[in-house]
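The chains referred to below are lettered A, B, ... by the order of the sequence lines, with proteins before strands, and numbering in each begins at 1.
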There are 2 protein chains.
Amino acid sequence: MHTDSGLKKMLSANIEIRDYLAGLIKQSRLKQNERLPSERELVEQFKSTRITVRDALSKLESEGLIYRSNRRGWFVSPPRLEYDPSSRVNFYLLAEQQQRTPATELISQKRIKGPQVARTTLAVAADEKLIELVRLRSLDGRPVLYEFIYLPESRFPELMKKDLEGSLTTLMQRDYNVEITHEDNRICVSAVYDQVADALSHINGAPCLEIRRIRYEGERKAVEFDIEHWVHSAIELRIPSH
Amino acid sequence: MHTDSGLKKMLSANIEIRDYLAGLIKQSRLKQNERLPSERELVEQFKSTRITVRDALSKLESEGLIYRSNRRGWFVSPPRLEYDPSSRVNFYLLAEQQQRTPATELISQKRIKGPQVARTTLAVAADEKLIELVRLRSLDGRPVLYEFIYLPESRFPELMKKDLEGSLTTLMQRDYNVEITHEDNRICVSAVYDQVADALSHINGAPCLEIRRIRYEGERKAVEFDIEHWVHSAIELRIPSH
DNA sequence: CAGTGGTCTAGACCACGAT
DNA sequence: TCGTGGTCTAGACCACTGG
């Protein structure tokens, strides 16, 4: 008996479909942000079923080659935004440096107790409220980032009267004299649900790139805690060192 | 007519199953590395179908709460390894600092032309060969990292006679007098296929965390190019700055 | 060998987007 | 209203794992 280890595997149907679409994309027969054929059209073309077609599409989604827009269809991903989380370049500047059009929508602003992890991180007193900002950021009209920002109210009085759709770093510096000395970023693959999934035009449980950030002024004083959920195909992190 | 926007959504079946299993895990009713009930058992328990059960499982997988082992079952993820790619701590030390048992298997070592991206990055001459090392790294017996390493042969003569399962950084320093001055890491979510997927006990097209790294000795001389594919639930990157 | 997940068939109904 | 993707039913066969 020999084993198959040296032989090529049979292509399964979903890989065939994936390879076909990946080919179209790589040859630019499908251009960036162009819609793919509908799932039912692909079913016909490949004499297959929607389960199999959707398997192929979700593989392409995992790779970042395509993205979905809820109930509208599947689209070819544009190049990823290169993002160095440790740099102080803000979102607008970053996007424009890479010939993209940024936009920010403030989804909500609240004075709340906030999640325990934020309270602990920011070391606020038991009776102190946090300010929670929820923002949705887009590139060329496509939502790519849903973020929660927590700030200690005591350090930022009157914050909620300001313009909160621009660069927070700039605002903090200008109006509150905050100088960020260092930060701590944690990055992992996670999943989005409910309002986050909806806003990013994703399904419940779709993978995302999650960045949790703590910003400090001075050695130990945390003044900002963020949780960012990125559409994973929209971003590539770049971490230079030393 | 009112809209539903203020109301709670109906739970779909796959979310119900997800929530049930997520609850068991968070309450430690299922312990780390413990196998979940089989898909068919869950089908019975929830009077559902495998499609729906697998939807729920893949959501939990995206979140990193569970991982799969090919055709063996689904298992509860242990805590993520915290990894600072810019630190010089090697894999063994890192794992042991976090009470994990590391292992490395050298899958292959070859003298080859190598992929164009590696040749360009390392700026090798047209006739020079690269050394390609392929390694699989595990934590507590679970494969978590499949990596391709490219090195210019001219800088590392006789490399293939050495022990290539330990720390390369240490080896390069000791035997070749290489002092890494800086590096450039790029991180994105991608997907694994074929031998990578097999080795990580994943299915084709499953998402992974991909790290591409260039190491330099001196300002511009690249001496190492790596592509790492991490099982995403096994890792959390930690990037301190300034 | 039995049991597992991996892949697939051939449909169905629904919610939502575009028009 | 129609077409889209999102969810689901009720099965089937295959490849591989582990005893």
Side-chain angles (χ1 to χ4, degrees), chain A residues 1 3-5 7-18 34-44 46-61 66-75 141-143 192-194 197-206, chain B residues 1-5 7-18 34-44 46-62 66-75 141-143 192-194 197-206:
Chain A
M1 290 287 291
T3 73
D4 275 353
S5 50
L7 305 177
K8 281 220 169 151
K9 281 203 188 153
M10 282 290 297
L11 279 187
S12 42
N14 73 58
I15 297 290
E16 235 178 290
I17 300 173
R18 187 217 81 95
E34 188 175 340
R35 223 199 82 201
L36 272 63
S38 80
E39 295 179 5
R40 285 165 179 88
E41 282 168 354
L42 292 169
V43 166
E44 283 220 13
F46 287 94
K47 306 273 177 257
S48 186
T49 62
R50 276 188 69 207
I51 296 280
T52 304
V53 165
R54 282 172 68 80
D55 260 10
L57 292 168
S58 76
K59 284 172 173 45
L60 290 164
E61 186 188 32
I66 66 174
Y67 64 94
R68 68 176 88 204
S69 181
N70 211 333
R71 288 173 216 273
R72 291 202 316 124
W74 299 87
F75 298 81
R142 170 191 174 204
V192 290
Y193 286 94
D194 303 328
D198 286 348
L200 295 177
S201 214
H202 267 304
I203 56 174
N204 267 331
Chain B
M1 289 287 289
H2 74 288
T3 73
D4 275 353
S5 49
L7 304 178
K8 281 218 171 155
K9 280 199 190 158
M10 282 292 296
L11 277 189
S12 42
N14 74 59
I15 297 290
E16 236 177 290
I17 301 173
R18 187 217 82 93
E34 187 175 339
R35 222 198 83 200
L36 272 62
S38 79
E39 296 178 2
R40 285 166 178 86
E41 282 169 354
L42 292 168
V43 166
E44 284 220 13
F46 288 94
K47 306 274 177 257
S48 187
T49 63
R50 277 188 70 207
I51 296 280
T52 304
V53 165
R54 282 171 69 79
D55 261 10
L57 292 168
S58 76
K59 284 173 172 46
L60 290 164
E61 185 188 31
S62 295
I66 66 175
Y67 64 93
R68 68 177 88 204
S69 181
N70 212 332
R71 288 174 216 274
R72 290 202 316 123
W74 299 86
F75 299 81
R142 169 191 175 204
V192 289
Y193 286 94
D194 301 328
D198 285 348
L200 294 176
S201 213
H202 266 304
I203 55 174
N204 267 330

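- A distance of 4.0 Å separates CZ of A:Arg40 from CZ of A:Arg50, quoted to the nearest 0.5 Å.
- If you take CG of A:Asn204 and C1' of C:dA15, they are 14 Å apart, rounded to a whole angstrom.
- Overall, the helix from C:dC1-D:dG18 to C:dA18-D:dT1 carries an axis bend of 20° between its ends, with five pairs at each end and the value rounded to 10°.
- By the ring pair (Phe, Tyr, Trp, His ring centres under 6.0 Å) test, A:Phe75 pairs with A:Tyr67, sequence neighbours left out.
- A donor-acceptor pair under 3.5 Å is absent between the side-chain atoms of B:Thr52 and the main chain of B:Asn14, judged by distance alone.
- A search for side-chain contact (heavy atoms from CB on, under 4.5 Å) contacts involving B:Glu41 returns B:Pro37, B:Ser38, not counting sequence neighbours.
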Close N/O contacts between protein and nucleotides 8-12 of chain D (under 3.5 Å):
unit_1, atom_1, unit_2, atom_2, d
D:dC8, OP1, B:Ala13, N, 2.4
D:dC8, OP2, B:Asn14, N, 3.3
D:dC8, OP2, B:Asn14, ND2, 2.7
D:dT9, OP2, B:Ser48, OG, 3.1
D:dT9, OP2, B:Thr49, N, 3.4
D:dT9, OP2, B:Thr49, OG1, 3.3
D:dT9, OP2, B:Thr52, OG1, 3.4

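- For B:Arg54, no side-chain nitrogen or oxygen approaches OP1 or OP2 of C:dG5 to under 4.0 Å.
- For A:Arg68 and C:dC16, the CZ to C1' distance is 15 Å, given to the nearest whole Å.
- B:Ile15 places a side-chain heavy atom less than 4.5 Å from the side chain of B:Lys59.
- With sequence neighbours left out, the side-chain hydrogen bond (donor to acceptor under 3.5 Å, both in side chains) criterion links A:Arg72 to A:Ser69.
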Where do N or O atoms of nucleotides 17-19 of chain C meet protein N or O atoms at under 3.5 Å, pair by pair?
none

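- As rounded to whole Å, 17 Å separates atom P of C:dT7 from atom CZ of A:Phe46.
- How far CG of A:Leu42 is from CD1 of A:Ile17: 7.0 Å, rounded to the nearest 0.5 Å.
- Remark: of the listed residues A:Glu61, A:Glu39, A:Glu34, A:Glu39 is the sole one forming a side chain to side chain donor-acceptor pair (under 3.5 Å) with A:Trp74.
- With rounding to the nearest 0.5 Å, the separation of CD1 in B:Ile203 from CG in A:Asp55 is 7.0 Å.
- Residues A:Asp194 and A:Asp198 have side chains not in contact (no heavy-atom distance under 4.5 Å, counting atoms from C-beta outward).
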